[in-house]
Amino acid sequence: MRGLDAATRALLVERVGVLMRAGEGVDAGLEELGWRELMADDLETATAILFHQQGLAGAGSAALDGVLLEALGLGAQPPTPVIYPRPGSISAGVAGADEIVLSGLLLAPPTGQSRLLAPLAVGAGVRLFLVPFGLVSVTKGEGWMEGAVTAVAAVPRAAVQEVGTGGWEAGLAAGRRALAWELVGLCEAMLKVGTEHVSARRQFDRPIGSFQSVRHRLAEAHVRTLGARHLLEYAVADGSPPGAAIAKATAGAAVRSVSASVIQVMGAIGLTFEFGLHRLVQRGFALDELLGGCDDLFAEAGTSFATTPPRLDPLVALGGSA
Amino acid sequence: MNTTAELTLLGYSEALSSWLESDQELLELRGAEEPETTEASFSAGAAMMARLAAGGWNRHGWPVAAGGLGGDARFRGVLYDQLAAHGHRLPDQMVPVETLGPALIRFAPELAARWFPAVLNGTEAWCQGFSEPNSGSDLASLACRATHRRIDGQDVLVIDGQKTWTTLGHLSQRMAVLCRTGTPDSRHRGLSLVMVDLDAPGVTVRPIVFANGLNELSEVFFDQTAVGLERLVGAEHQGWEVAMYLLQFERGMYAWQRQAWLLSALRQLGEELPRAWRNSERRLGEAYAAVLALRARTGITVQRLAAGEAVGPEASADKVLLAGAEQMVLDLARDLLPDVFLTGSGARSSGWRAAWWYTRAASIYGGSAEIQRSIIADRVLQLPREGR
């Protein structure tokens, strides 16, 4: 996939888009497309295509697990579900000397896998462990994170296996970029819903989209989305973990703002279950919380900036680097 | 010095970076007390322009015919970024260099060849005369007239009218004046852009004191001021097209200059901000993200300008992002350094206060935020047009 030509890329985008809009069987469909090989070949391009389309379609899958595994150097392993930290936590539990205590989220109910991958706090750091599925107690969630499952466990340290690979930091960065792509896609999807509605809906003998307050609200939503998208592209070019964190925070903040604007311009129709806007809005909030909510990530970025102001290479933004 | 043909963008960036930390004259300017008036700032800026031009550093990215060393606009982007990254102040003169330089180079190459080298070395400064008391957002309604006359055997345009909100007009030598050469109701079709010397007979320049107490702006009066026809930028009645061309550079290059300044302002703030008070870390991170988004977006616009591509209505997003980032950074300063704002004395304190007011203008000049949102609504989102 390196040096993917425009036509091939367009074809891939189309096939993934069709898969995402089908509404079910996404994981199986991705397997058929040979998505693991594509990720192994060019993780960033595969990530951008898949997650942007997933966001645009308001679809869901467990594809994020695959991204983390690939970024952690575990791409050749059999598919392994990841246990994600709960909102506000930096790890899915704690690994003490004798015992591990685990509390996290799975993207989907596990089916037949024998082990789960968990980032656990060890002292001040985070390390990766494989946990036997049989020892973990799972509960289906019923909230805004569709399909998600909470996982808890308290097991002897000897029962888990530490995975000695590249640090969690690399997986976290790749995961955050993927989520940022999906958040941008969700923003774009919601904006499309809003603009179509206000163009068609008429009151006072004119489309409601001809009222300045409505037009300007959606124009602002467009600018937020565009800013988040370009910042994400910049973070991909820059490749750094802090860049990934800031891009995710910006996309998460954008989805909150765009959600509010689109809900407002949709009026009562947008508040019906049938209309389906709620699925996009809810998924947006859920994805913002996953792997670092925007408030927490902005706070981290601010602390880091104040401590060590970064030196930015102008060639990254000006397209002059290799 | 190397011509741009001999230097890659990376080579230029590295050489410049190294020079910015070693040139004694420039380091002295950096170490000098922060200027507290527009006049002092302008003077320091002129000295810096001279030093940059002498080493060729600000001549990269401009055509040879206009006194440059060749290369595309990205070289200028690197210059502005590196200046701010190394803690140097961007000369005020660099704004009209970017907003007016490209328009003259494209539409009046002989004038550019004659005057632009002096602009680059700081011995001459230009300003822009578009807005009028009765023509702000509705620029096409402007009334400043330019009438054909024959004086002493020469064909001239005689200018009558008034311009306002001209940045640093009272310190500039020449002004690009957008005037009406068509009938009174010709709107945008009857406009022409003319370069007028501000010491010409009939010209009166009056500074306007800005809310921050500084002479940031001027109003300029024209009373039968005669200019030769060679002073036209573009053809007669082509003024609107020239103005629209010019606005692209305001979107890309000026916004890029501002993101560089905002990053340096944030670095200073980062040093001075109290910790864990009034959500300082989160707000700093949010402001940094806003500036990075602006940097990412305007970087792309600069690339398009460098490639000679037209920048369309999407660039209205750059303007909205710019105003948002500017105001977010200075609001952060105001909220997290209240003592500086309420009772601080000295150049640094007055600088923060002055900057807070100046950033309020970012959502008003160059097409207000409301106009930008309307453009986005009309031409990007293609929403229904506004009713009357």
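The sequence lines fix the lettering, A, B, ..., with proteins before strands; numbering per chain opens at 1.
Pairing each heavy atom of A:Gly227 with each of B:Ala293, the nearest pair is O-CB, 3.8 Å. For the residue pair B:Gly77 and A:Leu318, the shortest heavy atom distance occurs at C-CD1, 3.8 Å. Annotation for B:Ala289 and A:Ile246: closest pair CB-CG2, 4.0 Å, computed over non-hydrogen atoms. Across all non-hydrogen atoms, the minimal contact from A:Phe305 to B:Leu284 is CD2-CD2, 4.1 Å. When all heavy atoms of B:Ala296 and A:His230 are compared, the pair lying nearest together is CB-O, 3.4 Å.
Between A:Glu220 and B:Gln372, the closest side-chain pair of non-hydrogen atoms is not below 4.5 Å. Between A:Thr303 and B:Arg275, the closest side-chain pair of non-hydrogen atoms is not below 4.5 Å. In this structure the side chain of A:Ser210 never reaches within 4.5 angstrom of the side chain of B:Leu383, judged on heavy atoms. Taking 4.5 Å as the limit, some side-chain heavy atom of B:Ile300 sits within range of a side-chain heavy atom of A:Glu233. Between B:Asn279 and A:Asp295, the closest side-chain pair of non-hydrogen atoms is not below 4.5 Å. Between B:Arg295 and A:Pro314, some side-chain heavy-atom pair lies under the 4.5 Å cut-off.
Counting heavy-atom neighbours within 6.0 Å of A:Arg279 CZ, excluding the residue itself, gives a total of 12 or less. Atom CD1 of A:Ile269 has 12 or fewer neighbouring heavy atoms from other residues, nucleotides or ligands inside a 6.0 Å radius.
For B:Asp318, no part sits under 4.5 Å from any heavy atom of chain A, backbone or side chain. Only the side chain of B:Val302 comes within contact range of chain A, judged by heavy atoms closer than 4.5 Å. Neither the backbone nor the side chain of A:Arg217 comes within contact range of chain B; no heavy atoms are under 4.5 Å apart. Of the atoms belonging to B:Ser316, not a single heavy atom falls under 4.5 Å from chain A. Contacts of A:Leu218 with chain B are made by both backbone and side-chain atoms, with heavy-atom separations under 4.5 Å. In this structure, chain B has heavy atoms under 4.5 Å from both the backbone and the side chain of A:Leu312. When heavy atoms are compared at a cutoff of 4.5 Å, B:Gln303 approaches chain A solely by way of its side chain, counted from C-beta outward. For chain A, the nearby parts of B:Leu10 are the backbone and the side chain; heavy atoms of each come within less than 4.5 Å. Looking at A:His222, the atoms closer than 4.5 Å to chain B (heavy atoms on both sides) all sit in the side chain, from C-beta outward. No part of B:Glu272 comes within reach of chain A, as not one of its non-hydrogen atoms sits under 4.5 angstrom from that chain. B:Ile375 does not touch chain A: none of its heavy atoms, backbone or side chain, sits under 4.5 Å away.
Atom CG of A:Leu315 and atom OH of B:Tyr12 lie 11.5 Å apart (nearest 0.5 Å). In this structure, CZ on A:Arg224 lies 9.5 Å from CG on B:Leu321, to the nearest 0.5 angstrom.
Ranked by heavy-atom pairs shorter than 4.5 Å toward chain A, the options B:Gln382, B:Arg74, B:Arg297 are led by B:Arg297. Looking only at heavy-atom pairs under 4.5 Å with chain A, the residue among B:Pro384, B:Ala317, B:Ala85 that has the most is B:Pro384. Per-residue counts of heavy-atom pairs under 4.5 Å with chain B were compared for A:Ala299, A:Pro309, A:Gly243, A:Ala249; the largest is that of A:Ala299. For the options A:Pro310, A:Ala228, A:Ala306, heavy-atom pairs under 4.5 Å to chain B are most numerous at A:Ala306. Of the listed residues (B:Glu370, B:Gln82, B:Glu286, B:Glu314), the one with the most heavy-atom contacts under 4.5 Å to chain A is B:Glu286.
A:Arg206 contributes no side-chain N or O that, together with a main-chain N or O of B:Glu386, makes up a donor-acceptor pair within less than 3.5 Å.
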Please lay out, stage by stage, how B:Asp378 and A:Arg215 fare under the test side-chain contact (heavy atoms from CB on, under 4.5 Å).
CA-CA 9 Å; B:Asp378 283 341; A:Arg215 283 158 49 89; 2.9 Å; yes

